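Everything below concerns the one structure shown next.
Each chain gets a letter, A, B and so on, in the order the sequences are listed, and its residues count up from 1. What you are looking at is a predicted structure, and each value in this text was computed from that prediction instead of being measured.
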Amino acid sequence: MRLNSEIEKKWQKLWREAGAFEPDPDEGRKKFLITVPYPYTNDSLHVGHGRTYTLADVVARFHRIIGENVLFPMAFHQSGTPILAFSKRVASGDSKLITLYREHLQEYEASRERIDEVLESFKEPSGIADYFSEVIINDFTRLGFSIDWRRRFNTAEPIYQNFVTWQFLKLKELGMIKQGDYPVLYSAEDENAVGEDDIKDGDTDKVSIEELTVVLFSGPDYDLAAASLRPETIYGTTNLWISGNGDYVVVNWGGRRTVVAREAYEKIKLQEPSVEIIGEINRASILEARFRVPFSGVEVQAYESPVVDPSFGTGAVFSVPGHSIMDYFAIREAGLPFKPVSIIDMPEGSDSVGSLTSSMDIHGLSESSKLQEATQIIYKAEYYAGRMNSLNGSYSGMTVREARDRIRKDLFESRLGHSVYETSRKAETRGGARVVVAMLKDQWFIDYSLEWLKKATHELVDRMSFFPEIYRKPMHDAIDWLRERPCARKRGLGTRLPFDQEWIIESLSDSTIYMALYTMIAPLRKIHEKIGDVPPEIFDHVVYGMPLSGYDEVDAELREARLSYSYWYGVDTRITAVPHLSNHLAFFLINHAAMFPPDRQPRAIGISGMAVSKGAKIGKSKGNVVSLIGTCNKYSADIYRLFMASSADFSSVIDWNEDDLAALMRKYDQFISILDAYRSEPGDRGSFAARWFNASFKSRIARFIEAMEEYRIRDAVVSIFFEVLNDLKNAESMGAPRNSLLGGIMEQWLTALSCVVPHAAEEYWHRLGNDTFISLNVLDRPGQEEEDRVALESEKYLRKLIEDIREIMSATGKSFSRAEVRVAGTEHTEIARALMNNNRDSVPAEKKRVVGDFMKVRKSVVFHGFNELEVITDGLGIIQNALGIEVTVSESEVDVSGRNPWPGRPLVNLS
RNA sequence: GCGGAGGUAGCCGAGCCAGGUCAAAGGCGACAGACUCAAGAUCUGUUUCCGCAGGGAUACGCCGGUUCGAAUCCGGCCCUCCGCACCA
């Protein structure tokens with residue numbers, strides 16, 4: 001008996017028509033601004049996407065029912081390259097993508113013709129962005145989210161760009177914008193920087209950028225450039241290696257005639273455009289020449305070797321057989337007479353070229369994987385533990401670490417060194433083009449390393465709340481770790497840098513303070529209609545209250561904007577998934593710390609865990625992508641919400657699998673049939689069961705509120721949904737009629753439940769004859785009263801008694817037909833009290849014989865705040881019902897074979 | 001490699017920050033019983049082992065330590081997951 005989609009849609013429509021979730025400033029009420037990252041509009045959403053938004057809606061609804069004026073706004077992200085790239089792919093007829101889109105569009109479009117039409121529109125980037133914005137509005141509405149859609153915008157629209165322009169001008173004023181060189185992974189073929197997603201296996205096998213030192217070995221009338229990760233080993237050089245195939249060219253590199261491989265040159269050119277070919281040179285002449293090792297002046301010669309890749313580094317390397325296992329074997333296999341020279345001292349027992357050769361059983365260059373492993377081991381060992389020995393000239397005695405830095409520095413200063421960047425592994429794009437490292441010149445950065453900025457942000461982090469708390473420290477760490485971040489690119493959608501129009505602000509940099517825009521978007525739109533682009537001084541006025549003149553025609557709008565901003569701004573909570581922590585969230589905080597006064601800075605961050613599907617990360621390669629809207633239609637919005645809220649803790653990974661969903665659905669159906677069958681009846685407060693049920697409900701609500709306030713949503717839902725249902729069952733089994741039990745709690749229960757299953761709550765609230773929205777109802781904070789405590793405690797007491805009797809029955813394995821229960825009277829209560837206080841003497845002489853018995857059961861003795869005899873008498877029916885035997889109770893001190901009743905520990909005699 | 005999180009009963013998943021009330025919530029699954037012609041749903045009970053009277057033993061990744069007392073605090077080890085920069 002589930003609620004059907006029509007009923008859910010009915011409420012969604014009524015909420016919208018009534019503007020139920022469209023709040024305006026209300027000075028008398030506490031405001032609550034909750035935001036989530038706006039979705040990126042390049043595709044429809046899957047079940048994983050829905051998690052953060054669902055949890056945010058639950059939180060938003062909770063704050064609403066505790067009486068706050070809640071604003072939950074939403075916008076759409078279009079900045080960056082993906083939408084552009086996807087649109088291009090559609091336009092060029094990429095069948096894979098088109099098939100995917102076709103599949104997703106089926107969820108929304110009825111006819112094939114219509115789908116074709118939509119796909120046609122995707123050839124324009126705005127076609128994709130606009131379409132999916134609408135789709136997402138539809139999805140979120142369908143999920144019952146309490147979003148104020150009046151305030152939506154997208155990042156491609158002029159007002160947004162005006163706002164970002166203002167932001168970047170401010171950042172520049174604050175000295176946070178810098179320009180400089182920056183190495184990136186790059187495809188020369190595509191003439192583009194490539195990200196992890198563009199690289200074949202980039203997600204599983206990371207590619208990073210490594211900096212190599214180019215060492216110039218001076219020759220007859222040119223230098224041979226040899227690249228290395230270990231410049232400190234030059235004193236161990238026995239010879240040089242060049243490739244046996246591949247051309248070599250003479251280039252002008254920083255004013256010196258330098259020889260590199262032609263293939264290497266192509267890449268070096270991308271890193272240092274000033275390098276020019278000035279001539280060719282044949283290998284034979286290189287092999288005949290003599291070269292001098294920097295600093296030591298030793299003369300060495302070059303040889304050909306298969307270990308050299310002409311595209312890697314400079315296409316030449318220097319050979320250090322004492323510390324490179326590759327060189328060691330290369331020399332052996334080339335039949336050269338050089339002996340390894342050890343120039344680094346290592347602690348006793350460390351691995352060395354010699355020891356690894358035998359321990360790893362390496363015989364030659366053909367065993368490349370073993371060689372690589374050994375190289376790694378030596379590299380690390382020598383770096384961390386090695387010390388330069390006396391053969392190292394002025395570097396003797398330094399640690400390897402120090403020596404590397406010093407030698408690099410000295411090489412650069414004596415113009416015998418350069419840097420060249422390489423990928424950490426050979427990589428190609430998904431299209432098959434080689435990935436290399438290129439140097440972006442004049443890249444714009446936001447400088448997140450500024451001292452004052454870090455300090456201000458750390459203070460903010462200390463001031464605000466984190467849910468869960470464990471993320472506070474990682475946030476401090478992330479802020480420390482951030483340095484300059486490139487903030488603009490030459491392609492993609494977005495806002496142009498106001499001070500350099502060639503550049504477009506990158507999508508993580510343009511979305512750090514936009515939450516403020518929600519508070520002022522309506523008046524800004526009106527201003528934009530009247531005067532066109534919104535100039536920075538208007539934002540200065542609205543945000544900082546700076547004086548403004550010359551805008552009389554939009555005076556009313558300005559006042560409205562200022563009022564609304566002043567009332568709302570300051571994000572009360574930002575909810576987002578954990579992968580955003582070290583990037584988006586950190587930028588969000590830093591930019592706020594930089595641009596806003598403390599009272600406008602964020603107050604809390606809630607971090608939700610990832611969602612996986614069938615145990616695996618959600619992705620089309622895994623084939624586990626489940627459509628969000630499809631799930632809504634197949635099950636229901638309430639079920640989806642309930643699942644997301646109750647299957648895993650807010651911050652832990654949730655696993656989407658339909659088996660669990662089916663189980664949850666049964667529970668939900670049960671809940672619905674209870675509501676269906678409910679007929680309003682006055683609440684019963686008289687019976688034992690009802691007293692207990694009401695008391696328990698109060699504690700469930702209290703727990704619910706407490707948990708929700710700390711974003712422990714799962715706990716809250718367990719308390720208000722599962723536990724209340726269990727309580728109901730329990731109270732019914734104690735003989736109370738269901739409807740009278742529910743009568744006493746219905747309003748409060750539905751109000752609390754409206755956070756999670758708003759449609760059901762709303763529907764049944766109205767079926768009970770109410771015409772207000774339960775979603776806007778206010779939940780009472782119940783106080784715990786003495787009688788409630790007693791009710792809860794006495795129920796526990798009864799249950800324990802039943803369990804005890806059951807245990808006796810099962811332990812003995814016999815069957816019994818009656819139980820005599822005796823509770824302690826005043827005399828034994830007094831004795832127990834005395835003995836608990838170790839006051840043995842006050843026990844009357846004729847009672848000394850019971851002391852031994854007392855001591856045995858001492859730890860289970862409890863002085864309850866109720867009369868045990870009354871409670872058991874009251875619950876006699878319940879006990880008999882549960883056990884199926886006759887039960888009598890009396891207050892009696894008579895012992896049974898030496899055992900006695902004590903407070904909290906009635907004596908049971910079965911027969 | 002660097003940084004972070006975590007390992008709890010057949011499974012999922014709380015508890016751990018503030019040590020005892022923890023054989024350890026809740027859900028699922030399994031088993032038994034009730035209801036039913038039957039199945040499903042629902043309800044009741046059981047679900048570490050032992051116990052002919054409400055008890056005991058062993059348990060919260062592994063090994064140690066602190067403590068009268070540890071799933072909870074400390075140290076070491078093993079294992080799993082997540083993030084790591086121009087990418088939304």
Side-chain angles (χ1 to χ4, degrees), chain A residues 37 39-42 77-83 182 184-185 193-198 202 206 208-209 376 380 424 440 443-446 448 468-471 473-475 477-478 480-489 492 506-509 511 578-584 586-587 609-610 612 617 646-649 651-655 657 659-660 662-664 666-667 669-670 673 712 714-715 717-719 721-723 725-726 729 732-733 800-814 816 856-857 859-860 862 881-884 896-897 899 905-910:
Chain A
Y40 192 75
T41 50
N42 67 329
H77 205 191
Q78 308 187 353
S79 316
T81 50
I83 289 178
Y182 194 71
V184 290
L185 295 174
V194 294
E196 185 182 297
D197 295 340
D198 306 320
K206 298 243 185 271
S208 55
I209 295 173
Q376 284 287 321
K380 234 186 268 175
S424 58
L440 292 184
Q443 170 68 48
W444 288 96
F445 299 92
I446 298 181
Y448 287 132
E469 175 63 34
I470 52 168
Y471 286 112
K473 190 183 175 299
M475 181 55 83
D477 293 345
D480 280 331
W481 163 81
L482 281 167
R483 24 179 228 259
E484 290 123 349
R485 180 187 167 87
C487 64
R489 305 177 71 179
E506 168 274 335
S507 62
L508 276 184
S509 301
S511 55
V578 60
H580 291 145
L581 186 103
S582 62
N583 43 65
H584 167 71
F587 305 152
M610 306 239 306
V612 299
K617 202 167 178 170
S646 73
S647 296
D649 193 55
S651 65
S652 43
V653 177
I654 196 168
D655 188 8
N657 74 73
D659 292 346
D660 289 355
L664 181 68
R666 277 207 301 278
K667 201 82 188 168
D669 290 350
Q670 214 176 316
S673 43
R712 298 194 329 264
R714 183 180 207 264
D715 263 11
V717 174
V718 165
S719 181
F721 186 71
F722 296 98
E723 303 278 23
L725 286 173
N726 286 349
K729 247 188 333 200
E732 275 188 88
S733 77
K800 170 83 169 96
L801 179 62
I802 293 169
E803 269 167 30
D804 281 351
I805 298 176
R806 241 186 217 130
E807 195 175 341
I808 298 169
M809 298 205 298
S810 86
T812 56
K814 295 181 194 155
F816 302 95
K856 273 190 241 156
V857 298
K859 62 178 180 181
S860 53
V862 188
N881 224 327
L883 298 170
V896 177
S897 44
R899 291 152 8 108
R905 201 188 148 88
L907 183 66
V908 177
N909 187 37
L910 296 183

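Panel note: side chain S719(A), backbone D715(A); no donor-acceptor pair is recorded below 3.5 Å. Of the possible polar contacts, one joining the Q443(A) side chain to the A488(A) backbone as a donor-acceptor pair under 3.5 Å is found.
For the pair Q670(A) and rU42(B), the criterion of a side-chain N or O lying under 4.0 Å from OP1 or OP2 is met. Phosphate proximity of rC84(B) to R483(A): absent, as no side-chain N or O sits under 4.0 Å from OP1 or OP2. In this model, the phosphate group of rG54(B) is not approached by any side-chain N or O of K800(A) to a distance below 4.0 Å at OP1 or OP2. The shortest distance between the side-chain N/O atoms of N881(A) and the OP1/OP2 oxygens of rU44(B) is not below 4.0 Å. OP1 and OP2 of rA85(B) both lie 4.0 Å or more from every side-chain N or O belonging to S582(A).
Checking rA53(B), rG54(B), rA88(B) against the side-chain heavy atoms of F816(A) singles out rA53(B) as nearest. For L482(A), counting side-chain heavy atoms from C-beta on, the closest listed nucleotide (rA85(B), rA88(B), rG54(B)) is rA85(B). With rC28(B), rG54(B), rG26(B) as the candidates, the nucleotide lying closest to the side chain of N726(A) is rG26(B). Looking at the side chain of T812(A), the nearest of the listed nucleotides rG27(B), rC52(B), rC84(B) is rC52(B).
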Identify the pairs formed between an N or O of the protein and an N or O of nucleotides 1-9 of chain B at a distance under 3.5 Å, and give each distance.
unit_1 : atom_1 : unit_2  : atom_2 : d
rG4(B) : OP1    : K473(A) : NZ     : 3.3

Grab the N/O contacts between the protein and nucleotides 11-15 of chain B below 3.5 Å, and write none if there aren't any.
unit_1  : atom_1 : unit_2  : atom_2 : d
rG13(B) : O2'    : R714(A) : NH1    : 2.5
rG13(B) : O2'    : R714(A) : NH2    : 3.4

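Across rC50(B) and rA23(B), the matching C1' atoms stand 14 Å from one another, rounded to whole Å. With both ends at atom P, the span from rU21(B) to rU80(B) equals 34 Å, rounded to whole Å. Annotation: rG15(B) and rC22(B) have their C1' atoms spaced 9 Å apart (nearest Å). The separation of rU58(B) from rC74(B), taken at their C1' atoms, amounts to 25 Å, rounded to a whole angstrom. For rC28(B) and rC78(B), the P atoms lie 39 Å apart once the distance is rounded to whole Å. Going from the C1' atom of rA38(B) to that of rA24(B) covers 40 Å, rounded to whole Å. Comparing rU8(B) with rC73(B), their P atoms are spaced 16 Å from each other, to the whole Å. If you take atom P in rA70(B) and the same atom in rA53(B), they sit 29 Å apart, rounded to whole Å.
Searching all strands for a Watson-Crick or G-U wobble partner of rC77(B) with both distances below 3.5 Å returns rG61(B). rC35(B) makes up no base pair with any nucleotide shown, lacking Watson-Crick or G-U wobble contacts both under 3.5 Å. Shown here, rU66(B) forms no base pair; nothing in the strands shown gives a Watson-Crick or G-U wobble contact with both key distances under 3.5 Å. In this structure, rA14(B) makes no Watson-Crick or G-U wobble pair, since no nucleotide meets both defining distances under 3.5 angstrom. Summarising the base pairing, rU47(B) is matched to rG29(B) through a Watson-Crick or G-U wobble pair whose two defining distances lie under 3.5 Å. Pairing for rA41(B) is absent, judged as Watson-Crick or G-U wobble with the two contacts each under 3.5 Å. Judged by Watson-Crick or G-U wobble contacts below 3.5 Å, the nucleotide rC2(B) has rG83(B) as its partner.
Rounded to the nearest 0.5 Å, atoms NZ (K667(A)) and CD (Q670(A)) are 5.0 Å apart. Atoms CZ and CG, from R806(A) and L801(A) in turn, are 11.0 Å apart once rounded to the nearest 0.5 Å. The structure places CG of D804(A) at 6.5 Å from CD1 of I808(A), a figure rounded to the nearest 0.5 Å. Taking CE of M475(A) as the start and OG of S582(A) as the end, the distance is 8.5 Å to the nearest 0.5 Å. For the atom pair CG (L664(A)) and OG (S647(A)), the distance works out to 6.0 Å, reported to the nearest 0.5 Å. The line from CG of L185(A) to OG of S208(A) is 8.0 Å long, rounded to the nearest 0.5 Å.
Counting non-hydrogen atoms under 4.0 angstrom, P906(A) reaches a base of the nucleic acid. Using a 4.0 Å heavy-atom cutoff across all strands shown, E723(A) reaches sugar-phosphate atoms only and no base atom. S79(A) comes within contact range of the sugar-phosphate backbone alone, with a heavy-atom separation under 4.0 Å but no base atom that close. Within the 4.0 angstrom heavy-atom criterion, no nucleotide atom of any strand lies near Q443(A).
Look at CZ on R806(A): it is 19 Å from P on rA32(B), rounded to the nearest Å. For L508(A) and rC84(B), the CG to C1' distance is 14 Å, given to the nearest whole Å. Atom-to-atom, CD1 of I805(A) to C1' of rG45(B) comes out at 15 Å; the value is rounded to the nearest Å. One atom, CZ of R485(A), and another, P of rA85(B), lie 10 Å apart when rounded to the nearest Å. Between the CD atom of E807(A) and the P atom of rA53(B) there is a distance of 11 Å, rounded to whole Å. If you take CE of M809(A) and P of rG33(B), they are 17 Å apart, rounded to a whole angstrom. One can place CZ of R666(A) at 11 Å from P of rG40(B), the figure rounded to the nearest angstrom. The separation between M610(A) atom CE and rU80(B) atom C1' is 14 Å, rounded to whole Å.
When each of S507(A) and S208(A) is assigned the nucleotide of RNA chain B with its nearest heavy atom, S208(A) is the one assigned upstream, toward the 5' end. Sequence order on RNA chain B of the closest nucleotides to P579(A) and F722(A) puts F722(A) first from the 5' end.
Looking at S507(A) and H77(A), their side chains come closer than 4.5 Å, going by heavy atoms from C-beta outward. Residues R485(A) and L508(A) form a side-chain contact, since some pair of their non-hydrogen atoms from C-beta on lies under 4.5 Å apart. Y40(A) has its side chain within reach of P82(A): a pair of non-hydrogen atoms, C-beta onward, lies under 4.5 Å apart.
For rA41(B), the base has no donor-acceptor partner in the side chain of D669(A) [N/O atoms by modelled type, under 3.5 angstrom].
Taking the six-membered ring where tryptophan is involved, the planes of F587(A) and Y448(A) are essentially parallel, since the angle between them stays under 30° and well short of 60°.
Nearest approach of G609(A) to V578(A), heavy atoms of both residues: CA-CG1, 4.5 Å.
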